[in-house]
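One structure is given below, encoded as structure tokens.
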Amino acid sequence: MDQFQLKLRAAPGSGFRSSSTSAEIILQLKEMVVSGLVHREMYHQVPPKVEYSLTEFGRSLIEALMPFGEWGEQNMARIEAIPRD
């Protein structure tokens with residue numbers, strides 16, 4: 001994975017649905033910027049535009065997380081069968 005980009009536009013009626021609120025996503029992105037995992041690029045235009053990309057430090061984390069993703073894929077049926085409250 002050479003490039004990570006996240007582009008979100010908070011527009012009413014955009015159809016974007018998430019279990020996280022946009023405020024929660026923004027807070028998490030800010031934390032990742034502060035930790036050096038993500039770079040934030042602000043474009044001064046109308047409408048405002050912000051792009052986030054992984055830093056070299058953030059890309060180095062991908063190798064560490066890949067086994068977790070593979071484990072999740074291999075165990076998806078069992079994970080989905082776990083009773084929820």
Side-chain angles (χ1 to χ4, degrees):
M1 180 182 290
D2 295 308
Q3 183 75 18
F4 166 82
Q5 290 186 336
L6 175 64
K7 296 179 184 177
L8 296 175
R9 181 161 297 196
S14 64
F16 177 73
R17 300 285 185 260
S18 173
S19 59
S20 298
T21 66
S22 51
E24 291 170 329
I25 293 170
I26 291 168
L27 179 60
Q28 291 170 351
L29 284 167
K30 283 182 180 180
E31 290 172 353
M32 288 187 282
V33 168
V34 169
S35 69
L37 293 170
V38 172
H39 170 75
R40 180 180 189 265
E41 185 72 32
M42 176 73 178
Y43 297 91
H44 300 284
Q45 63 185 47
V46 177
K49 177 180 173 183
V50 178
E51 290 184 356
Y52 295 89
S53 59
L54 288 175
T55 62
E56 183 177 331
F57 182 50
R59 286 189 299 276
S60 71
L61 189 58
I62 292 172
E63 275 188 54
L65 295 176
M66 288 302 290
F68 288 104
E70 292 166 3
W71 178 88
E73 288 175 3
Q74 293 168 359
N75 294 283
M76 186 59 64
R78 186 172 180 178
I79 294 167
E80 288 176 340
I82 296 171
R84 308 273 191 253
D85 289 337

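Here, residue 1 is the first one in the sequence, and each next residue gets the next number.
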Is it true that L65 and W71 fall in one hydrophobic cluster, defined by side-chain heavy atoms closer than 4.5 Å?
no
Linking I/L/V/M/F/W/Y whenever their side-chain heavy atoms sit closer than 4.5 Å, directly or via other members, would I25 and L27 fall into one cluster?
no
Close side-chain approach of [X] and [Y], heavy atoms under 4.5 Å:
X	Y	answer
V50	L29	no
V38	R40	no
R59	E56	yes

With sequence neighbours excluded, tell me which residues meet side-chain hydrogen bond (donor to acceptor under 3.5 Å, both in side chains) with E41.
H39
Got a second to check how far [X]'s [atom1] is from [Y]'s [atom2], nearest 0.5 Å?
X	Y	atom1	atom2	value
L54	S60	CG	OG	9.5 Å
E73	F68	CD	CZ	14.0 Å
I26	Y52	CD1	OH	6.5 Å

